[in-house]
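Chain letters run A, B, ... following the sequence lines, proteins first and then strands; every chain starts at 1.
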Protein chains: 2
Amino acid sequence: MTNLSSTYDEILDCARSLIIAGGYNGFSYADIAEVVGIRKASIHHHFPSKVDLVQTLVARYRKEAEAGMANLEHQGSDPLELLRFYAGYWEACIMDDSAPFCVCALLASQLPVLPEEVCLEVRAHFRSLSAWLTSVLERGARQGQLQLMGTPHDEAEAFMATVHGAMLSARAYGDPKIFGVVTSSLLERFSSR
Amino acid sequence: MTNLSSTYDEILDCARSLIIAGGYNGFSYADIAEVVGIRKASIHHHFPSKVDLVQTLVARYRKEAEAGMANLEHQGSDPLELLRFYAGYWEACIMDDSAPFCVCALLASQLPVLPEEVCLEVRAHFRSLSAWLTSVLERGARQGQLQLMGTPHDEAEAFMATVHGAMLSARAYGDPKIFGVVTSSLLERFSSR
DNA sequence: GTCATTCTACCTTCTGGTAGGTAGTTTGTC
DNA sequence: GACAAACTACCTACCAGAAGGTAGAATGAC
């Protein structure tokens with residue numbers, strides 16, 4: 001139980017890449033089988049159904065993201081630094097093409113055709129990301145470091161939306177640099193100076 | 001040629017709704033056939049392949065959007081009004097669930113698995129929308145009505161990204177109101193007063 | 001009669017999923 | 001330590017249904 005096979009992880013990693021590329025209906029067990037070098041049926045041993053696979057994958061993604069946010073928080077960086085780090089993290093992922101889109105953002109776009117279980121995981125990610133951003137903005141505003149025009153919550157939603165939209169634009173233009181253009185414009189607006 | 005059958009249009013409208021819900025791989029000819037009340041094979045008479053159908057659909061969408069932008073432009077409204085109108089248009093579409101997502105924004109998210117022809121149409125829409133927003137922002141800045149921190153182009157990209165991200169959040173939360181929250185925060189920031 | 005439209009009937013390939021089997025490892029019991 | 005039972009990870013060989021698509025025959029308007 002503690003010793004999970006590496007195949008299990010390989011399947012999850014592969015599925016993640018495939019979802020990032022084309023969403024829930026954009027890949028099949030056959031696609032994974034080919035990449036991992038295993039037979040289709042063997043995937044069912046690890047993940048009985050496609051819903052199981054994607055739900056596990058998103059749950060894990062969500063956990064990683066939450067761990068990342070908690071970790072940033074403990075490093076005691078100031079609010080503006082945290083926002084910069086968050087945007088910088090995605091900028092790096094997009095520039096080196098290692099993860100050119102947030103799994104949950106991509107799945108959210110197809111929410112109406114997603115299985116209920118996956119839908120709930122995706123929604124939970126949006127809520128936890130929004131909550132974290134809200135707390136960062138709230139702290140920044142209280143310290144006088146960040147310039148907010150609305151409530152921390154509303155500004156957090158706007159921040160998140162802009163980052164997701166920037167991922168979309170980078171993909172649409174086929175130009176990773178556009179992500180940096182949009183996010184740096186976003187960050188600038190929050191700095192007081 | 002001038003007298004296009006209404007079935008043709010019904011198929012396009014139906015496909016549009018289905019794409020808005022789940023993207024390129026989220027619907028099939030069978031789905032359309034059921035809604036339109038026609039046999040699968042009959043759709044092939046109007047659109048030989050799925051690529052033809054989606055390409056036509058996106059091209060038409062693009063034309064409509066460009067006509068809408070040109071029309072707004074001719075009404076001579078001031079820049080801030082134009083931005084408000086644009087955001088308000090989408091807010092209405094999302095609130096009444098008539099078109100809760102931009103077809104091109106949704107397709108852009110799955111660009112890596114899209115047929116080349118569709119990909120080009122989607123990209124073209126992003127470019128024309130960005131160009132229009134740039135011109136509006138540029139004019140607003142020149143007139144002193146809008147407060148820009150970066151170049152009109154960069155701000156236009158940020159504006160577009162935020163609107164697309166707001167669509168995504170509204171869908172993720174299952175709450176149409178979040179679109180208005182994000183976009184009104186966005187518009188406020190551009191107003192001078 | 002011609003032409004567009006729609007139909008039935010069919011094809012191939014892909015889809016997620018199942019059944020049943022095999023080789024190798026762990027585990028529990030004596 | 002020996003040995004059976006159970007478990008893990010994978011396999012081959014299927015299946016039913018859905019996918020996009022084709023061929024050719026009816027229908028019906030001009």
Using atom types as modelled and distance alone, determine if a side-chain donor or acceptor of [X] lies under 3.5 Å from a backbone N or O of [Y].
X	Y	answer
B:T56	B:D52	yes
B:S184	B:G180	yes
B:Q110	A:G26	no

Among pairs that include at least one residue of [range], which meet salt bridge (charged side-chain N to carboxylate O under 4.0 Å, His left out), considering only residues two or more places apart or in two chains?
range	answer
residues 107-135 of chain A	A:R62-A:E121
residues 12-34 of chain B	B:R16-B:E64
residues 139-150 of chain B	B:E73-B:R139, B:E138-B:R142
residues 100-110 of chain B	none

Below 4.0 angstrom from OP1 or OP2 of [N], is there any side-chain N or O of [X]?
X	N	answer
A:H46	D:dT8	no
B:T7	C:dT5	no
B:H45	C:dT6	no

(message) Once you measure the plane-to-plane angle for B:F159 and B:F190, does it fall in the parallel (<30°), tilted (30-60°) or perpendicular (>60°) bin?
(response) tilted
(message) Heavy atoms within less than 4.0 Å of DNA chain C: which residues of residues 32-39 of chain B have one? Give them sorted by number.
(response) B:I38, B:R39
(message) Please enumerate all residues that pass side-chain contact (heavy atoms from CB on, under 4.5 Å) together with A:S128, with sequence neighbours excluded.
(response) A:E66, A:M69
(message) Test: ring pair (Phe, Tyr, Trp, His ring centres under 6.0 Å). Region: residues 101-125 of chain A. Which pairs qualify, not counting sequence neighbours?
(response) A:Y61-A:H125
Could you list all N or O pairs between the protein and nucleotides 17-21 of chain D that sit under 3.5 Å apart?
{"unit_1": "D:dA19", "atom_1": "OP1", "unit_2": "B:S28", "atom_2": "OG", "d": "3.0"}
{"unit_1": "D:dA19", "atom_1": "OP2", "unit_2": "B:S28", "atom_2": "OG", "d": "3.3"}
{"unit_1": "D:dG20", "atom_1": "OP1", "unit_2": "B:K50", "atom_2": "NZ", "d": "2.8"}
{"unit_1": "D:dG20", "atom_1": "OP2", "unit_2": "B:Y29", "atom_2": "N", "d": "2.9"}
{"unit_1": "D:dG20", "atom_1": "N7", "unit_2": "B:K40", "atom_2": "NZ", "d": "3.0"}
{"unit_1": "D:dG20", "atom_1": "O6", "unit_2": "B:K40", "atom_2": "NZ", "d": "3.0"}
{"unit_1": "D:dG21", "atom_1": "OP2", "unit_2": "B:K50", "atom_2": "N", "d": "2.8"}
{"unit_1": "D:dG21", "atom_1": "N7", "unit_2": "B:H44", "atom_2": "NE2", "d": "3.4"}

(request) List the steps and the verdict of ring-ring contact (aromatic ring centres under 6.0 Å, His included) for A:Y29 and A:F47. (result) CA-CA 10 Å; A:Y29 269 38; A:F47 305 97; 8.2 Å; no
(message) How many whole angstroms separate atom CG of A:L53 from atom C1' of C:dT15?
(response) 15 Å
(request) Could you state the atom-to-atom distance from CD1 of A:I43 to C1' of C:dT15 in whole Å? (result) 13 Å
Atom pairs and distances, side-chain donor-acceptor, residues 84-99 of chain B, under 3.5 Å, sequence neighbours left out:
{"unit_1": "B:D96", "atom_1": "OD1", "unit_2": "B:S98", "atom_2": "N", "d": "2.8"}
{"unit_1": "B:D96", "atom_1": "OD1", "unit_2": "B:S98", "atom_2": "OG", "d": "2.7"}

(message) Based on the rotation axes of five pairs at each end, what angle does the helix from C:dT13-D:dA18 to C:dC30-D:dG1 bend through, to 10°?
(response) 10°
Identify all pairs in which a protein N or O lies below 3.5 Å from an N or O of nucleotides 27-30 of chain D, and state each distance.
none

(request) Please name all residues satisfying salt bridge (Lys or Arg N to Asp or Glu O under 4.0 Å) with B:K177, sequence neighbours left out, ordered by chain then number. (result) B:D175
